[in-house]
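Heavy atoms only: backbone and side chains are in, while hydrogens, waters and symmetry mates are out. Numbers restart at 1 for each chain; the letters A, B, ... are given by sequence-line order, proteins then strands.
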Protein chains: 2
Amino acid sequence: MNKILTLCENRGFLQKTYNAALKQDIITIFPTGALLQANLRNEWFNSSIINKDHTVFLNKNDFDETVEYARNLCNVLPFGVADVLRNKKSMKERVDLVKESGNKFDFRMYTLENDYNLKTNFYVSPKTSTHFFHQFQKQRKMWWRKFSANPGRYCYSDIKNGDKGTQRIDIIAEYEWGKQILETLTLNNDGRKKKNLEFKEGKTTFYPDIISSDISTTAMFLNALCDSYEEPVSQGKPRPLLHFHRKLAPYKLSFAITSQKASTLSELCDLALFLCRQLRDNHVSTLMLPSCSKLKLEEQWQQYDQMGIPYNIILNDNTLKDGVTLLRSRDTTLKEQVHVSDIVDYVEKLFKNY
Amino acid sequence: MNKILTLCENRGFLQKTYNAALKQDIITIFPTGALLQANLRNEWFNSSIINKDHTVFLNKNDFDETVEYARNLCNVLPFGVADVLRNKKSMKERVDLVKESGNKFDFRMYTLENDYNLKTNFYVSPKTSTHFFHQFQKQRKMWWRKFSANPGRYCYSDIKNGDKGTQRIDIIAEYEWGKQILETLTLNNDGRKKKNLEFKEGKTTFYPDIISSDISTTAMFLNALCDSYEEPVSQGKPRPLLHFHRKLAPYKLSFAITSQKASTLSELCDLALFLCRQLRDNHVSTLMLPSCSKLKLEEQWQQYDQMGIPYNIILNDNTLKDGVTLLRSRDTTLKEQVHVSDIVDYVEKLFKNY
């Protein structure tokens, strides 16, 4: 884990500093990491708010009022209410909590200053709640697996049965250094306490069961980094890289320019800038560094692979002659020829699907 | 303005409550409004972080460290650093500030509890900073106009010249009840104070000028609501509606089902549910209410138009026979025939472009 964090530190994802008061390393997020986090939150939004199967309302203020509003608008079960909550525990409380649990490496240990909880509550009729809960577990595990470079890593913890029929199950990721809790799913009947959740079916009155999911953004962020870390062997040497899912990658594309002549070099730089603008105009996050015409190709690729950039566009002397660029893949290191005029459409297709 | 706020209150965008301590109406955001806000922030992200012309880094932690990181990675000007900051002024301070300014209706008066400032700083060489500043003003005004139902509303304030060459210009929206400040653009040379912003060009040392944009999420949110409010006359009566740009609309589509027979009704409901799932799977935010098979068409359309939903899919007896649905537009109230199997692709095309 320390090796991964050091790589991430070098590539602008985060910074690790020792906090003497907490006797603990503290992580702060850097710009590349901030983009990763924004993408993660976006995918959570897509799966939880624009939920395929159920209508979910986003709360911004008072949770109970939103439930009331959702109830009036929907009037039938199930419906959901989602919320983004700031973790109110102080950093010290969170560190103590992890230390008690006795894990040596734990995502929650590397406390981020601003930790948020992404929470979704579903209100479900008690008759179907067990079935709903099982379906929901499967869906959530699928979601984690979908974005993973190593889907076998994700599994369930044992079910913990609490008082009054409360059930709890965690989705965990297995690492060499131990298991990490990513998401907590619970089934409970808190709804009975609340007057405004009374439903009627014929002559009987009932209260919905509540099925909820709880994700810490810190765990989600660190898991995305650790999960994607790989060390394939290339030319006898390990080639550490971050194998992000293309929807999560902070940058989708980067540029590399090679030429011997200074005049073609500046022409190619203009071309790269033109392509970069076109791509960004299509909301494709593209990294364009001034170093892309100066460093050796291998050095650049190392940098881009470690930033988890899925594709690299190579412009060389031939590009000016026949308009063909090379698109290098991070994962295969193979290059394919794409014409300059096709590249925007082609990239759109590459990144469209999950 | 009160008329608009009342409409928004009825449609789940917000809630207005009188705060006795502040002697002022306070607004809290409701679920539909929360979706609108998420879309607004998304568009800001697309235009400011995935910036067409310049590389912008997203700050999460320490602004100076991010600038340092951006500087090391880019090494040439211009580059940008963006930030999402919580407005630290208390609600009382903010209300007092507006009262001093003497405006009767002001977006900043209806204080939201969680107000954020979306801030972007560009670091530009002093030689080109004036040109950059003018370009930037144009770009930002274009951005506001792009999403507006009434683009002529947006204009610049006068330029205010401050000490040491500081310039400030606001982008304002003109309403019947007065002008509203939406975004503040400034050009200044704060950079000179900071050691780590020293740049070298040949033998001369210089410090970059800083061009920054500052948007309050409260003003952005309320402006989106007020800007989109329209009252076209239909059949002799005013038909109030929210004319959102399709990228901003909280929900893109809704359903209406009409049939005389109970058996076809349930079949059509299943079909609507199937279409709804397909659309949501494509990340199209779709509203599916149980009332869509019960209320009269006119009542539903009134509700959906006032929620700013651009299109309504109508399923009727014919749909089961020949598979043709009607797609009603909020803006024209015209209906076009679309086959059930084409609707997902067609909707994708409708919402793709700006």
- Query: When only pairs under 4.5 Å are counted, which of Phe30(A), Phe45(A), Tyr251(A) shares the most heavy-atom pairs with chain B?
  - Reply: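 So the answer, after comparing Phe30(A), Phe45(A), Tyr251(A), is Phe30(A).
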- Top of Cys276(A), Gly33(A), Gly12(A), Ala70(A) for chain B proximity - count of heavy-atom pairs under 4.5 angstrom: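 Top option by heavy-atom pairs under 4.5 Å: Gly12(A).
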- Nearest-0.5 Å distance that lies between atom CD1 in Ile50(A) and atom CG in Asp281(B):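 Going from CD1 on Ile50(A) over to CG on Asp281(B), the span is 11.0 Å.
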Please classify the contact of [X] with chain A as side chain, backbone, both or neither, using a heavy-atom distance under 4.5 Å.
X: Arg11(B); value: backbone
X: Lys252(B); value: neither
X: Leu273(B); value: neither
X: Gln303(B); value: side chain
X: Ala38(B); value: side chain

- Task: Check side chain to side chain contact (heavy atoms under 4.5 Å, CB included) between Thr217(A) and all other residues, then give those that pass, not counting sequence neighbours.
- Result: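 For Thr217(A), the residues satisfying side chain to side chain contact (heavy atoms under 4.5 Å, CB included) (neighbours in sequence not counted) are Gln37(A), Asp115(A), Tyr116(A), Leu118(A).
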- Query: Can you name the side chain to side chain contact (heavy atoms under 4.5 Å, CB included) partners of Phe274(B), sequence neighbours left out?
  - Reply: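 Scan of Phe274(B) (side chain to side chain contact (heavy atoms under 4.5 Å, CB included), adjacent residues dropped) gives Gln278(B).
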- Query: By ring pair (Phe, Tyr, Trp, His ring centres under 6.0 Å), which residues pair with Trp44(A), not counting sequence neighbours?
  - Reply: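 Applying ring pair (Phe, Tyr, Trp, His ring centres under 6.0 Å) to Trp44(A) gives none.
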- Is there a side chain to side chain contact (heavy atoms under 4.5 Å, CB included) between Thr28(A) and Asp62(B) once you walk through the steps? CA-CA 9 Å; Thr28(A) 53; Asp62(B) 185 309; over 6 Å; no
- Query: Looking only at heavy atoms, which two atoms of Asp53(A) and Arg280(B) are closest? And how far apart?
  - Reply: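 Answer, listing the atom of Asp53(A) first, then Arg280(B): C-NH1, 4.3 Å.
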- Measure across Pro31(A) and Phe57(B) and return the closest heavy-atom pair with its distance rounded to 0.1 Å.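 Minimum heavy-atom contact is CB-CB, 3.8 Å.
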- Item | Those residues of residues 282-290 of chain A, ordered by number, that approach chain B below 4.5 Å (heavy atom to heavy atom) |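 From residues 282-290 of chain A, the residues near chain B are His283(A), Val284(A), Ser285(A), Met288(A), Leu289(A), Pro290(A).
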- chain A interface, residue from Val56(B), Val81(B), Val76(B), Leu73(B) that has the most non-hydrogen pairs under 4.5 Å: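 That would be Leu73(B).
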